[in-house]
Amino acid sequence: MANRVKLGSIETLIVDLPTIRPHALAMVTMNAQSIVIVRIRDTDGATGIGEGTTIGGLSYGEESPEGIKLAIDTYIAPLLANHDLAKVGATMADIDRHVSGNRIAKCAVETALLDLMGQRLGLPISDLIGGGRRRETLPVAWTLASGNTERDIAEAEAMLSQCRHRIFKLKIGKRPVDEDVAHVAAIKRAIGDRGSVRVDVNQAWDEAAAERGIAALADAGCELVEQPLPRDLRNATVRLTARAAIPIMADESLHGPAEAFDLAASGGARAFAIKIAQSGGLHAAHDVAMIGAAAGMGLYGGTMLEAGVGTAASAHLFSTLPSLSWGTELFGPLLLTEELLTTSLAYADFELAVPNGPGLGVEIDEDKLQHFRRDRATPKLHAIGGAS
Ligand SMILES: O=C(O)C[C@H]1C=CC(=O)O1
Ligand SMILES: [Mn+2]
């Protein structure tokens, strides 16, 4: 039997990176992204990295960057010391027994464990989960969310001419429904058949607004509506899904396999945004996708606007899925002014290449990490006290 893989050390860092422009969602306008990097070293000297990322502090979901770090440092790290880290499933099941919720923190840790095992075995993570890798590249959407119609059209034109994106997700829900519909219609008119236009309302509508808005969006050529209603309005979402002329995609209402099953059984969606963070890890996200696929949902590879590590982890999982009829939105690193990886992920011909090396197949740029870590400016105690 192989030797146990034992925990050597674990560290977590919050890293704040600016965005290339304000990114306006219904609930928050982002000017920066805060990501939590976790590094797990085993006693043989191998290292695995993971990322836990949410959007806009506590405005998008129930975990914040600070809470993700605290959950890992205080509650998850001590549990890892008791485990054979090669047994990722058993380790994560034990973490689930002792830590409720905190899915993004769990996702970061599971990613680091899978990266560690991939490094040790010389295999990409995509070969360690599901039935293995089924595709080498993934279609990637871009989100138009500058808050300005003309600027969004110019951005879409640039993406089309660079062959970087031809799927566009428009963030709406902040303005009155008619203004939002006019905004979407103008962008769809400008793009025409050169691209697909979808919207994400991020829970901002009520049922009546959604019914009116979705009908008008369908007339304007919009193909899909993501999370039109608040996540808790399940009955209303079922009614809306049955009536809507275009598919409704579940995002914020989809936290792991149990919610996937409820949505599938009740008819609360026709498409699933699969997110490794929101699901609680790659294996949980795989289960969400399998439940969705069994129920006939269109699958979409979603993002929490992760930087390179989380985006690579998502890409490995999505590459194993049987179908991805709505593509993916793994553009997170492209929204940031800074690259945290030594080699950027490769985007070409409207697709992202799934990394090929062992584990995640990506490496963190240590200088960048040290430069952008949030605690870098912490004054040293000896300087304050004057001691050497
Ligand atoms: O889907 C979300 O709600 C979150 C995220 C994904 C793309 C984007 O711009 O925001
Ligand atoms: Mn969404």
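Values below: all heavy atoms of this structure, side chains included; hydrogens, waters and symmetry mates excluded. Both ligands and their constituent atoms are indexed starting at 1 by order of listing. We count residues from 1, following the sequence as given.
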(request) Give yes if a backbone or side-chain nitrogen or oxygen of Tyr60 is under 3.5 Å from a nitrogen or oxygen of ligand 1, and no if not. (result) yes
(request) Please state which part of Met249 comes within less than 4.0 Å of ligand 1, counting heavy atoms only: side chain, backbone, both or neither. (result) neither
(message) I'd like to check Arg135 versus Leu324 (side-chain heavy atoms, cut-off strictly below 4.5 Å). Are they in contact?
(response) yes
(message) With respect to Thr303, determine whether any N or O atom, backbone or side chain, lies less than 3.5 Å from an N or O atom of ligand 1.
(response) no
(message) Tell me if a side-chain donor or acceptor on Lys106 pairs with a main-chain N or O of Val99 at a distance below 3.5 Å.
(response) yes
(request) Give the numbers and elements of all ligand 1 atoms closer than 4.0 Å to a heavy atom of Thr143. (result) 7 (C), 8 (C), 9 (O)
(message) If you define the side chain from C-beta out and look only at heavy atoms, does anything of His316 sit under 4.5 Å from Leu114?
(response) no
(message) Within the structure provided, determine whether Asp94 and His83 are in side-chain contact (heavy-atom separation under 4.5 Å).
(response) yes
(message) Under a 4.0 angstrom heavy-atom cut-off, which atoms of ligand 1 come close to His23?
(response) 8 (C), 9 (O)
(message) Can a donor-acceptor pair be found, under 3.5 Å and without considering hydrogens, that links the side chain of Glu252 to the backbone of Leu254?
(response) no
(request) Please report which non-hydrogen protein atom sits nearest to atom 6 (C) of ligand 1, along with the residue it belongs to and the distance in Å to one decimal place. (result) Glu329 OE2, 3.3 Å
(message) Whether the side chain of Arg376 engages the backbone of His371 through a donor-acceptor N/O pair (distance < 3.5 Å, no angle test) should be reported.
(response) yes
(request) May I ask you to list the atoms of ligand 1 that are less than 4.0 angstrom from any heavy atom of Lys171? (result) 1 (O), 2 (C), 3 (O), 4 (C), 5 (C), 8 (C), 9 (O), 10 (O)
(request) Show which atoms of ligand 1 fall inside a sub-4.0 Å distance from at least one heavy-atom site of Lys275. (result) 1 (O), 2 (C), 3 (O), 4 (C)
(request) Give a yes/no verdict on whether any heavy atom in Gln227 is under 4.0 Å from an atom of ligand 1. (result) no
(message) Please list, in number order, the atoms of ligand 1 under 4.0 Å from a heavy atom of Asp251.
(response) 1 (O), 2 (C), 3 (O)
(request) Return yes when atom CD of Glu207 has more than 12 non-hydrogen atoms of other residues, nucleotides or ligands closer than 6.0 Å, and no otherwise. (result) yes
(message) Below 4.0 Å, non-hydrogen atoms only: which portion of Trp142 touches ligand 1? Side chain, backbone, both or neither.
(response) neither
(request) Please check if the side chain of His98 supplies one atom and the backbone of Ile76 the other of a donor-acceptor pair under 3.5 Å. (result) no
(message) For Leu17, is there any backbone N or O sitting under 3.5 Å from a side-chain donor or acceptor partner on Gln33?
(response) no
(message) Among all the protein's non-hydrogen atoms, which is closest to atom 4 (C) of ligand 1, and how far away is it?
(response) Ile55 CD1, 3.5 Å
(message) When you compare the side chain of Thr143 with that of Lys171, does any pair of heavy atoms fall below 4.5 Å?
(response) yes
(message) Working note: Trp205 + Ile214, criterion side-chain contact (heavy atoms from CB on, under 4.5 Å); need CA distance, chi angles, decisive distance, verdict.
(response) CA-CA 10 Å; Trp205 285 345; Ile214 291 171; 4.2 Å; yes
(message) Checking side-chain contact (heavy atoms from CB on, under 4.5 Å) between Leu217 and each of Val177, Leu224, Ile172, which is the one that passes?
(response) Ile172
(message) Contact between Val288 and Gln278 at the side-chain level, heavy atoms closer than 4.5 Å - yes or no?
(response) no
(request) Check each atom of ligand 1 against the heavy atoms of Lys169 and keep those under 4.0 Å away; list them by number with element. (result) 1 (O), 2 (C), 6 (C), 7 (C)
(request) Number the atoms of ligand 1 from 1 as they appear, then name those within less than 4.0 Å of a heavy atom of Asp200, with their elements. (result) 1 (O), 2 (C), 3 (O)
(message) Within ligand 1, which atoms have a heavy atom of Glu226 less than 4.0 Å away?
(response) 1 (O)
(request) Output, by chain and residue number, all protein N/O/S atoms separated from the Mn ion (ligand 2) by less than 2.8 Å. (result) Asp200 OD2, Glu226 OE2, Asp251 OD2
